[in-house]
Number of protein chains: 2
Amino acid sequence: MDHIDRALLAQLQQDATQSYAALGQAVGLSAGAAHERVRKLRERGAIRRTTVDVDPAAVGSAVLAYVMVESTSWMGDSAQEFAALPEIVEAHVIAGSASVLVKVRTRTTEQLQDVLRRIYAIKGVSGTQATVVLETFFERPLSPLTETGT
Amino acid sequence: MDHIDRALLAQLQQDATQSYAALGQAVGLSAGAAHERVRKLRERGAIRRTTVDVDPAAVGSAVLAYVMVESTSWMGDSAQEFAALPEIVEAHVIAGSASVLVKVRTRTTEQLQDVLRRIYAIKGVSGTQATVVLETFFERPLSPLTETGT
DNA sequence: ACTGAAAGACATTGACC
DNA sequence: GGTCAATGTCTTTCAGT
């Protein structure tokens with residue numbers, strides 16, 4: 001994982017459809033060498049998958065909210081229960097007064113309310129505190145170029 | 001945007017490297033027809049871009065935190081100021097007591113502290129409340145199949 | 001809008017440095 | 001780990017339905 005690998009990751013985040021020739025040129029490598037490096041990045045799991053960024057509005061998901069989930073018991077084994085709700089796009093165990101933080105996308109606020117109801121139904125959940133997003137400034141991939149990791 | 005388009009989006013989210021032949025077969029279309037539909041989805045902006053999902057740990061970003069940013073003034077025009085900090089991967093204007101919610105990835109907690117310092121330096125910011133993530137259950141794309149939109 | 005086929009570009013592999 | 005050149009596959013386009 002040197003600076004060339006990081007540059008490749010940044011390039012692919014920006015546009016994963018570009019050819020290996022273009023990719024190589026961007027980082028000063030031949031197409032074959034770029035291909036081999038990207039293959040290894042996939043192999044190691046540094047690249048988890050190639051995907052498309054879908055506009056939530058285009059699939060009818062206009063409402064975004066973050067929900068702090070409070071609990072009376074250990075929530076560390078409840079991943080499946082949250083994953084079972086398709087409107088939940090992220091779930092994290094957090095430090096602090098709440099136990100779990102989830103990110104929810106729905107079409108309407110009524111649907112959000114329904115998701116909250118279903119979260120309440122999860123074993124151990126004692127309360128929720130929803131924060132509705134009014135406007136998203138930006139959502140972007142993590143920049144590999146600013147990092148100092150191995 | 002019919003059920004075939006949504007199936008195509010779901011397929012591409014899962015794996016954007018598959019051929020149009022495979023894509024077409026998955027939704028019951030020829031390669032050419034699948035290609036044309038995906039082209040239009042890109043044209044309309046339903047597909048914003050094709051990208052790679054990078055493992056944060058692989059680029060040395062082990063710390064994830066959400067920060068509630070309180071302010072004394074209107075923050076609606078401060079998008080650039082938050083975007084200037086590369087460790088901030090999301091920024092949203094929210095309803096509630098805080099004004100802005102940001103998602104931050106850093107290598108260490110020391111680096112997180114430095115980001116908080118730089119957030120404080122933004123005009124209008126009167127306080128921050130950081131919530132550190134202990135474990136991420138999952139982060140996944142929005143499922144186009146569960147939506148009822150146009 | 002979709003099908004099927006043709007042409008050209010690209011991914012992928014291997015021989016060599 | 002890299003370059004360069006080959007082979008095979010896929011993208012992309014277009015005439016026809």
Side-chain angles (χ1 to χ4, degrees), chain A residues 1-60 141-150, chain B residues 1-61 141 143-150:
Chain A
M1 176 64 58
D2 58 7
H3 72 102
I4 295 181
D5 282 334
R6 278 190 286 276
L8 285 170
L9 290 177
Q11 280 289 325
L12 287 172
Q13 280 181 335
Q14 221 166 56
D15 178 14
T17 67
Q18 64 192 299
S19 70
Y20 284 106
L23 209 50
Q25 191 162 24
V27 302
L29 244 53
S30 72
H35 182 262
E36 177 64 8
R37 273 181 179 261
V38 172
R39 192 191 62 75
K40 284 179 182 166
L41 285 169
R42 288 185 200 281
E43 194 180 59
R44 290 180 215 148
I47 296 175
R48 289 165 166 165
R49 64 174 165 181
T50 302
T51 185
V52 291
D53 181 11
V54 173
D55 180 8
V59 293
L142 170 65
S143 170
L145 298 176
T146 60
E147 302 298 327
T148 324
T150 303
Chain B
M1 177 64 59
D2 58 7
H3 72 102
I4 296 182
D5 281 335
R6 278 190 286 276
L8 285 170
L9 290 177
Q11 280 288 326
L12 287 172
Q13 281 181 336
Q14 222 167 54
D15 178 13
T17 68
Q18 64 192 299
S19 70
Y20 286 106
L23 208 51
Q25 192 164 23
V27 302
L29 243 54
S30 72
H35 181 260
E36 177 64 7
R37 273 181 178 260
V38 171
R39 192 192 63 73
K40 284 179 182 166
L41 285 169
R42 288 184 200 282
E43 193 181 60
R44 291 180 215 149
I47 296 174
R48 287 166 167 163
R49 63 174 166 181
T50 302
T51 184
V52 292
D53 181 11
V54 173
D55 179 8
V59 294
S61 252
S143 170
L145 298 177
T146 61
E147 302 300 325
T148 324
T150 305

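Letters A, B, ... mirror the listed sequences (proteins, then strands); counts begin at 1.
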Novice: Measure the distance from CG on L41(A) to P on dG1(D) and round it to the nearest whole Å.
Specialist: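 My rounded result for the distance is 12 Å.
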Novice: Would you mind checking if K40(B) and E43(B) are paired as a salt bridge, meaning a charged N to carboxylate O distance below 4.0 Å?
Specialist: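 A salt bridge is absent here (no side-chain N lies under 4.0 Å from a carboxylate O).
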Novice: Counting only heavy atoms not in Q18(B), do more than 12 sit closer than 6.0 Å to its CD atom?
Specialist: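 Yes, CD of Q18(B) has more than 12 neighbouring heavy atoms, counting only those of other groups under 6.0 Å.
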Novice: Whole angstroms only, please: what is the CG-P distance between L29(B) and dT12(D)?
Specialist: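 So the two atoms are 17 Å apart, to the nearest Å.
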Novice: In whole Å, what is the span from the CZ atom of R42(B) to the P atom of dT11(D)?
Specialist: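 The answer, rounded to whole Å, is 11 Å.
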Novice: Rounded to the nearest angstrom, tell me the gap between atom CD in Q25(A) and atom P in dT3(D).
Specialist: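 One finds 12 Å between P of dT3(D) and CD of Q25(A), rounded.
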Novice: Which heavy atom of L9(A) sits nearest to which heavy atom of P144(A), and what is that distance?
Specialist: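 Closest approach of L9(A) to P144(A), heavy atoms only: CB-CG, 3.8 Å.
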Novice: Let me know the distance between CG of L23(B) and P of dT11(D), rounded to the nearest Å.
Specialist: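 Roughly 9 Å, once rounded to whole Å.
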Novice: Can you figure out which of dG1(D), dT3(C), dT3(D) approaches the side chain of S30(B) most closely?
Specialist: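 Of the candidates, dT3(C) comes closest.
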Novice: Would you kindly give the OH-to-P distance between Y20(A) and dC10(D), to the nearest whole Å?
Specialist: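 Going from Y20(A) (OH) to dC10(D) (P), I get 14 Å.
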Novice: Return the value, rounded to whole Å, for the distance between atom CD1 of I4(A) and atom C1' of dT3(D).
Specialist: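 Those two atoms, CD1 and C1', are 14 Å apart.
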Novice: Whether R39(B) contacts dT13(D) is assessed here as follows: a side-chain N or O lying under 4.0 Å from the phosphate OP1 or OP2. Is that the case?
Specialist: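 For R39(B), the contact criterion (side-chain N or O under 4.0 Å from OP1 or OP2 of dT13(D)) is not met.
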Novice: May I have the distance from D5(A) (atom CG) to dG1(D) (atom C1'), rounded to whole angstrom?
Specialist: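 Distance check: D5(A) CG to dG1(D) C1' gives 12 Å.
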Novice: Measuring from the side chain of R37(B) (C-beta onward, heavy atoms only), which nucleotide among dT11(D), dA11(C), dC2(C) has the closest atom?
Specialist: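 Of all the options, the side chain of R37(B) is nearest to dC2(C).
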Novice: Do the charged groups of D5(A) and R37(A) touch, with an N to O distance under 4.0 Å?
Specialist: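 Salt bridge present between D5(A) and R37(A).
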Novice: Which nucleotide, dT3(C), dT13(D), dT3(D), lies nearest any side-chain atom of H35(B)?
Specialist: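 Output: dT13(D).
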